[in-house]
Amino acid sequence: MWSNASAGSGSAITAPNREAFYSTVGGGDGRPTLTQTLSPSEQALYNQEARTKGLLGGLGEQGAKSLYGVVGRTLDFSGMPAAPTSTGARQDAYDAIMSRVNEETGRSKDRQNSTLIAAGIRPGTKAYQDAMYAIDRGAN
């Protein structure tokens, strides 16, 4: 240890000697001994970290014990409904998308039909078919 008890009085600082760094504990085997002291706030952080590590270790152990009876067991899917086939799911998606398009296309054809008849263009004529075909192309 070193001392500076009277540093204010102009005394020199006394440095520790070699023996102050070596422990005689455990038979005096000559191994160096270092002692670190933390400030109260740093000690509180260290203690908190140690508690957290202990809690997390306990949580991991609890989880592992909980999984002990689960891991390795086969899953029983017997009560589950059948999964949709890719074809069925694709068709359902297509039908949902096209339902709106088909509704709008039907309304457009009705409006066009009324307009064409009012203009004197009757179903079955080339002009009528061309006008209706234009609506179908738009839907595609």
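Between Ala96 and Ser99 the shortest heavy-atom distance is O-OG, 2.9 Å. In terms of heavy-atom proximity, Ile121 sits nearest to Ala127 at CG2-CB, 3.9 Å. Annotation for Arg111 and Glu104: closest pair NH2-OE2, 3.4 Å, computed over non-hydrogen atoms. In this structure, Pro123 and Asn113 approach most closely via the heavy-atom pair CG-OD1, 4.5 Å.
To the nearest 0.5 Å, atoms CG (Leu116) and CD (Gln129) are separated by 11.5 Å. Atom CZ of Arg107 and atom CG of Asn102 lie 11.0 Å apart (nearest 0.5 Å). To the nearest 0.5 Å, the span separating CD on Gln48 from CD on Gln43 amounts to 12.5 Å. Here the CG atom belonging to Asp92 is positioned 11.0 Å from the CD1 atom belonging to Ile97, to the nearest 0.5 angstrom. With values rounded to the nearest 0.5 angstrom, Ile135 atom CD1 is found 9.0 Å from Asp110 atom CG. The structure places OG of Ser66 at 10.5 Å from CD of Glu61, a figure rounded to the nearest 0.5 Å.
No single ILVMFWY cluster, assembled from side-chain heavy atoms under 4.5 Å apart, contains both Tyr128 and Tyr133. Cluster membership for Met80 and Leu75, using ILVMFWY side-chain heavy atoms within less than 4.5 angstrom, is shared.
Legend: residues meeting side-chain contact (heavy atoms from CB on, under 4.5 Å) with Thr115, ordered by chain and number and at least two apart, are Gln112.
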Let's go through Val101 and Met98 carefully: what are the C-alpha distance in whole Å and the side-chain angles of both, what is the deciding distance for side-chain contact (heavy atoms from CB on, under 4.5 Å) to 0.1 Å, and is it a yes or a no? CA-CA 5 Å; Val101 173; Met98 291 307 294; 4.0 Å; yes

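Counted within 6.0 Å of CZ on Arg100, heavy atoms from surrounding residues, nucleotides or ligands total 12 or fewer; the atom is thus considered open.
In this structure, Glu49 and Leu45 have side chains that are not in contact, with every pair of non-hydrogen atoms separated by 4.5 Å or more.
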